[in-house]
Amino acid sequence: MKKLKLLQQVYNEGIVAVIRGDSAEEALAMARQTIIGGINLIEITMTVPGALQVIELLSLEAASTEPPNNVVIGAGTVLDAETARAAISAGSAFIVSPSLSESTIELCHRYRIPVMPGCMTIQEIQRAMELGVDVIKLFPGNLYQPSVISAIKGPLPQVNIMPTGGVDLDNISDWLKAGAYAIGIGSDLTKEAVRQKNYHLIRERAAQYVAAVRLTRAQQLQ
């Protein structure tokens, strides 16, 4: 049930924030500002130095919040099953990878942890679905236009797609209207804050993304 609830949260909230940083301290600062801005699904990439410690600390913070919040911490850029196991042990509630690693998927299924592997082709997407994957990360998203979702859903109408890479405030509505299950947001969330060395800008950007998703979802219901 926990897995199903998390997958539903991914759809309901519509945004997974991908946090990369040059240090654990930077990643922590970015993640905390993102959460203040209203994005609850936080993916800490394993390229962050000390990523496991960041995941553990943020997971503990989320669990100890009073009143309880909806913040969920996951791991990204997970290349193999060994890394996935370490991330899960550190508190990661979901796993995201840049490619299709069957051993990683099997490991996550063993522990009932949602896994979102990166796929580029119909063949990869079909194989991921055969392995029991619930949400496919379309990566890198900047190689495609939103219309690719309807093209994929032609032969595979049951697939859930989360484009990541190249999604920004200018096109997020187009991706959602095209049928994206959720969106992965990376550098567009943090790059200006890093450039100006002002992490408070991240909370403002995060709030803009949350508002954009809510507006688009409301329009789709009309």
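Residue numbers run from 1 in the order of the sequence given.
- In this structure a side-chain-to-backbone donor-acceptor pair under 3.5 Å is present from Thr65 to Glu61.
- Rounding to the nearest 0.5 Å places CD of Glu130 at 9.0 Å from CD of Glu102.
- Rounding to the nearest 0.5 Å gives a distance of 9.0 Å between OG of Ser101 and CG of Leu107.
- Closest approach of Ser23 to Val48, counting heavy atoms only: O-CG1, 3.8 Å.
- By the 4.5 Å heavy-atom criterion applied to side chains, Ile95 and Met116 are not counted as neighbours.
- Using a 3.5 Å distance cut-off with no hydrogens or angles, the side chains of Gln208 and Glu204 do not pair a donor with an acceptor.
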### Task
Decide salt bridge (charged side-chain N to carboxylate O under 4.0 Å, His left out) for Glu192 and Arg195; before the verdict, give the C-alpha distance in whole Å, the side-chain angles of both, and the deciding distance to 0.1 Å.
CA-CA 5 Å; Glu192 189 62 25; Arg195 189 183 70 82; 2.5 Å; yes
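- With Tyr209 as the aromatic partner, Arg214 does not meet the cation-pi criteria of under 6.0 angstrom to the ring centre and within 45 degrees of the ring axis.
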### Task
Would you please test Arg203 and Thr34 for side-chain hydrogen bond (donor to acceptor under 3.5 Å, both in side chains) and show each step?
CA-CA 5 Å; Arg203 72 171 69 176; Thr34 300; over 6 Å; no
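- Checked against Asp188 for a side-chain contact (heavy atoms from CB on, under 4.5 Å), the options Asp168, Val18, Val167, Ile172 give a single hit: Asp168.
- With hydrogens and angles disregarded, no donor-acceptor distance shorter than 3.5 Å links the side chain of Asn171 to the backbone of Asp174.
- Residues Leu28 and Glu25 have side chains not in contact (no heavy-atom distance under 4.5 Å, counting atoms from C-beta outward).
- Contact annotation: the side chain of Ile183 never approaches that of Thr164 to less than 4.5 Å [non-hydrogen atoms, C-beta and beyond].
- To the nearest 0.5 angstrom, Asn198 atom CG is 8.5 Å from Gln33 atom CD.
- Residues Arg20 and Met30 fail the side-chain proximity criterion, which asks for heavy atoms closer than 4.5 Å.
- When the ring pair (Phe, Tyr, Trp, His ring centres under 6.0 Å) test is applied to Tyr11, the partners found at least two apart in sequence or on another chain are Tyr181.
- A 4.5 Å side-chain heavy-atom check between Thr83 and Leu79 finds every atom pair outside the cut-off.
- Side-chain contact between Tyr199 and Glu26 is present, with at least one heavy-atom pair separated by less than 4.5 Å.
- For the pair Glu43 (side chain) and Val16 (backbone), a donor-acceptor distance under 3.5 Å is absent.
- Under a 3.5 Å cut-off, the side chain of Lys177 and the backbone N or O of Gln220 do not form any donor-acceptor pair.
- Side-chain contact between Val115 and Phe94 is absent, with no heavy atoms from C-beta onward closer than 4.5 Å.
- Under the 3.5 Å distance criterion, with hydrogens and angles disregarded, no donor-acceptor pair is assigned to the side chains of Ser97 and Ser99.
- Residues Ile113 and Lys3 form no side-chain contact, since every pair of their non-hydrogen atoms from C-beta on lies 4.5 Å or further apart.
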